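A quick write-up on the structure given underneath.
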There are 2 protein chains.
Amino acid sequence: MPGKITLQAEPCPVARALDVIGDRWSLLIVRNAFDGMGRFGDFQKGLGIAKNILSDRLHKLQLQGILEAVPATDGSAYQDYVLTAKGEALFTLIVSLRQWGEEYLFDKNEPRSLLLEKQSGKAIPKMEARSANGRKLNASNTLVRKIDR
Amino acid sequence: MPGKITLQAEPCPVARALDVIGDRWSLLIVRNAFDGMGRFGDFQKGLGIAKNILSDRLHKLQLQGILEAVPATDGSAYQDYVLTAKGEALFTLIVSLRQWGEEYLFDKNEPRSLLLEKQSGKAIPKMEARSANGRKLNASNTLVRKIDR
DNA sequence: CCGTATCCATTCCGATACTG
DNA sequence: CAGTATCGGAATGGATACGG
């Protein structure tokens, strides 16, 4: 009896996170929500996603507490989907994805969308992991301790 | 004629990145590669992934230039799968995933694996996006410029 | 031990029709 | 416009058999 296996019992936070947002569409919906998008039809047209899939993902993201449905601001009978704190916390993840994609998935002069600081209009410097002492970290100077507590 | 649509023509780096590594297993394989794992059987047992799927993902990750197959160090006739520079660059993304998962997907005292700095043995502080001037960034003080160049 | 190939169930996804 | 329902095809995934 095949079928998907849940990773929610895994002790690794990476595995659990991927179980929640590791699919084709969820993070794209979140990305658009960061850009201020909130309406069903805007997600649907903006992403080119099928409506039934969008409906399913919006429900799952609400179940996970990443999005929240609030009454639409335009007075219509419908809803806006807005990020919760848990959803807002995905900002660094989205920026990581964006910066990796920018560096490795585009040809030299290929058109792309850019993330800028509003105040200065300048591009965002590459994020990096640092230790408490400010040392730059990579795989070779870090270590995963298998289990804890 | 249904089926998957490629996002590789998208001008958004987030979309392209998700098209490459936005699935259930690819980043878990990369995570284990960061931990020094390199052999087919180790991935298979360590992840609990079906062998055919693992075989498929290893091929795709090689096609993408994220993993590279090298002769096994133990003198066997087989291969080790090691990260390329493009793959190593996924480190910040994995750390972002891990830190989000740690904060939002575990109960208070639930066992989990932890990422530590080797030298100090201490946990890695939360990564954050900052502007060139050191200002802390979030969705409200950044902006995506639709197209460029 | 390393991987590929095959089988089958489940999931994903796109298209479309439909309700309110 | 917002969302659900249904259909068919494609991709995913687990189990297992098989050859190197």
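In what follows, chains carry the letters A, B, and so on, assigned in the order in which the sequence lines appear, proteins first and then strands, with residues in each chain numbered from 1. Bear in mind the structure is a predicted one, so any value in this text is a computation, not a measurement.
Between A/Phe40 atom CZ and D/dT4 atom P the separation is 7 Å, expressed in whole Å. For the pair B/Phe43 CZ and C/dC2 P, the computed distance is 11 Å after rounding to whole Å. If you measure from atom CD1 of A/Ile49 to atom P of C/dA15, you get 12 Å, rounded to the nearest angstrom. A/Leu54 has its CG atom 14 Å from the C1' atom of C/dC12, to the nearest Å. The interatomic distance linking B/Asp56 (CG) with D/dA15 (C1') rounds to 17 Å, in whole Å. The CG atom of A/Leu67 sits 12 Å away from the P atom of D/dG3 (whole-angstrom rounding). B/Asp74 has its CG atom 11 Å from the C1' atom of C/dC2, to the nearest Å. At whole-Å resolution of the value, CD in A/Gln62 and C1' in D/dG3 are 12 Å apart.
Judged by distance alone, with hydrogens and angles left aside, the side-chain atoms of A/Asn32 form no donor-acceptor pair with the main-chain N or O of A/Ile29 at under 3.5 Å. Within the 3.5 Å criterion, the main-chain N or O of B/Ser26 finds a donor-acceptor partner in the side chain of B/Asp23. Side chain of A/Gln64 to backbone of A/Lys60: no donor-acceptor contact under 3.5 angstrom is found.
Of the candidate nucleotides D/dG3, C/dA15, D/dG14, C/dA15 has the atom lying nearest to any side-chain atom of A/Ala50. The side chain of B/Arg57 lies closest to D/dG13 when the candidates are D/dA2, D/dG13, C/dG14. Residue A/Ser55 has its side chain nearest to D/dT4 when only C/dC2, D/dT4, D/dG14 are considered.
Not a single donor-acceptor contact under 3.5 angstrom links the side-chain atoms of A/Asn52 to the base of D/dG3.
Judged by the 6.0 Å and 45° rule, B/Arg16 forms a cation-pi pair with A/Phe106.
Put simply, the side chain of B/Met127 reaches to within 4.5 Å of the side chain of B/Thr92, judged on heavy atoms. Considering only heavy atoms from C-beta on, B/Arg31 stays 4.5 Å or farther from B/Leu90 through its side chain. You'll find the side chain of A/Leu93 stays beyond 4.5 Å of the side chain of B/Gln99, heavy atoms only.
Counting any heavy atom pair closer than 4.0 Å across all strands shown, B/Tyr81 reaches sugar-phosphate atoms only and no base atom. Nucleic acid contact class of A/Gln44 (heavy atoms, under 4.0 Å, all strands): none.
Stem analysis of DNA chain D (at least three stacked-register Watson-Crick or G-U pairs, each with both distances under 3.5 Å) gives C:3-20 with D:1-18.
Residue-to-nucleotide proximity on DNA chain C shows that, of A/Lys51 and A/Tyr78, the 5′-proximal contact is made by A/Lys51.
Among residues two or more places apart in sequence or in another chain, the ring-ring contact (aromatic ring centres under 6.0 Å, His included) test is passed with A/Phe34 by A/Phe91.
Residues A/Ile66 and A/Val82 are members of separate hydrophobic clusters, defined by side-chain heavy-atom contacts under 4.5 angstrom among Ile, Leu, Val, Met, Phe, Trp and Tyr. Hydrophobic clustering, with ILVMFWY side chains joined whenever heavy atoms are under 4.5 angstrom apart, groups B/Leu54 together with B/Leu61.
The stretch residues 12-38 of chain B does not touch DNA chain C, since none of its heavy atoms comes less than 4.0 Å from the strand.
Taking 4.0 angstrom as the limit, A/Arg39 places none of its side-chain polar atoms (N or O) nearer than this to OP1 or OP2 of D/dC1. Between A/His59 and D/dT4 there is a side-chain polar atom (N or O) within less than 4.0 angstrom of OP1 or OP2.
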